[in-house]
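Throughout, numbering of the chain's residues begins at 1 and tracks the sequence. Fair warning: this is a prediction, and the values are worked out from it, not measured in the lab.
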Amino acid sequence: MSSKREAILRTALSLFATHGYHSVGVDRIKDEAGVSKMTLYKYFPTKEVLIEGVLRWRDEHFRESLEGAVAVASGCRGKIRAVFDWHDEWFRRDEFHGCMFIKASEEFPENNSPIRLVARQHKERIRQLLRLLLVEGGCKEAEPLSWYLLVMLEGVIVNANMFSDRACVDASWPYVDELLIRHLS
C-alpha cells in the first residue's frame with residue numbers, strides 16, 4: 001500500500017471516529033494527512049469511496065486483532081471471553097469514540113447505501129466468528145446464540161461509548177457465561 005494512501009486512511013479513520021462522517025470534510029483530511037487534493041482524489045475519487053475504504057481498512061485491522069486475541073485463548077468459553085475482553089481493552093483506549101460501523105449505519109441510513117453495506121458486512125463477520133466458536137464448542141443452537149452474542153456486544157459497545165464508566169463487559173459477562181454454560185456440551 002502506498003504510504004500516501006495509508007496516511008489518508010489513517011487520518012480519515014481518526015477524524016471520522018472522533019467527529020463522525022458528515023462533519024469532516026475532505027479538505028481537512030488532505031491537510032492533516034499532508035497530501036494534495038489531487039493525491040487524495042487519485043486514491044479516493046469521492047468522499048463516499050474514502051469512507052468505504054476507511055471502513056474496509058478498519059474492518060481488516062479490527063478482525064485481525066480480535067482473531068489474534070481469540071487464537072491464544074482456549075476452549076469455547078475462553079475464546080468468547082477473549083472477544084469480550086478484547087472489546088474491554090478497546091473501550092479503555094484514548095482513541096475509543098464508539099463503533100465506526102454503528103456510526104456509519106446511523107449517518108448513512110439508506111438500506112442500499114454501499115457504506116451501510118460495508119458496515120453490515122463487518123457486523124456479520126463478527127457474528128460468523130462467534131458462530132464458529134459456538135459450533136466448535138458443540139453448541140447445538142449456534143445460529144440464534146451467535147445473534148444474541150452479537151446483540152450483547154453491540155450493546156456493550158454503545159454503553160461503553162455513552163457512559164464514562166466502561167465496566168460494562170465485567171458487569172455483563174457473568175450472564176453471558178451462564179448462558180454459554182447452558183448451551184455448550
Salt-bridge contact [X]-[Y] (side-chain N to carboxylate O under 4.0 Å):
X      : Y      : result
Arg182 : Glu178 : yes
Arg120 : Glu124 : no
Glu67  : Lys79  : no

Quick check for you: to the nearest 0.5 Å, what is the distance between [X] atom [atom1] and [Y] atom [atom2]?
X      : Y      : atom1 : atom2 : answer
Ile8   : Ile29  : CD1   : CD1   : 9.0 Å
Met100 : Thr18  : CE    : OG1   : 8.5 Å
His122 : Ile102 : NE2   : CD1   : 8.5 Å
Leu9   : Leu50  : CG    : CG    : 7.0 Å
Ile157 : Cys168 : CD1   : SG    : 9.5 Å
Arg125 : Leu66  : CZ    : CG    : 13.0 Å

May I ask you to test the [X]-[Y] pair for a side-chain heavy-atom distance under 4.5 Å?
X      : Y      : value
Ile51  : Phe108 : yes
Arg127 : Leu149 : no
Cys76  : Ile80  : yes

Under 3.5 Å: donor-acceptor pair, side chain of [X], backbone of [Y]:
X      : Y      : result
Glu52  : Val118 : no
His22  : Glu107 : yes
Ser65  : Phe62  : no
Arg131 : Glu143 : no
His87  : Val83  : yes
His19  : Leu15  : no
Thr11  : Ala7   : yes
Lys103 : Ala17  : yes
Lys47  : Tyr21  : yes
Lys123 : Glu154 : no

Assess whether side chain to side chain contact (heavy atoms under 4.5 Å, CB included) is satisfied between Val54 and Phe44, documenting all intermediate values. CA-CA 10 Å; Val54 165; Phe44 305 101; over 6 Å; no
Qualifying residue, where the test is side chain to side chain contact (heavy atoms under 4.5 Å, CB included) with Cys139 and the options are Leu133, Leu180, Leu134: Leu134
So which of Arg77, Glu136, Lys140 actually passes side chain to side chain contact (heavy atoms under 4.5 Å, CB included) with Leu184? Arg77
State plainly whether one hydrophobic cluster holds both [X] and [Y], where clusters connect Ile, Leu, Val, Met, Phe, Trp and Tyr through side-chain heavy atoms under 4.5 angstrom apart.
X      : Y      : result
Val176 : Trp147 : yes
Ile126 : Phe101 : no
Met162 : Met152 : yes
Leu132 : Leu130 : no
Leu179 : Leu129 : yes

So which atom in Ala104 and which in Ala119 form the shortest heavy-atom distance, rounded to 0.1 Å? CB-CB, 4.3 Å
Only residue of Phe91, Trp90, Trp173 satisfying ring-ring contact (aromatic ring centres under 6.0 Å, His included) with Phe84 is Trp173
Can you tell me if Lys4 has over 12 outside heavy atoms packed within less than 6.0 Å of its NZ? no
Derivation of the salt bridge (Lys or Arg N to Asp or Glu O under 4.0 Å) call for Glu32 and Arg28: CA-CA 6 Å; Glu32 291 195 26; Arg28 182 171 180 189; 2.9 Å; yes
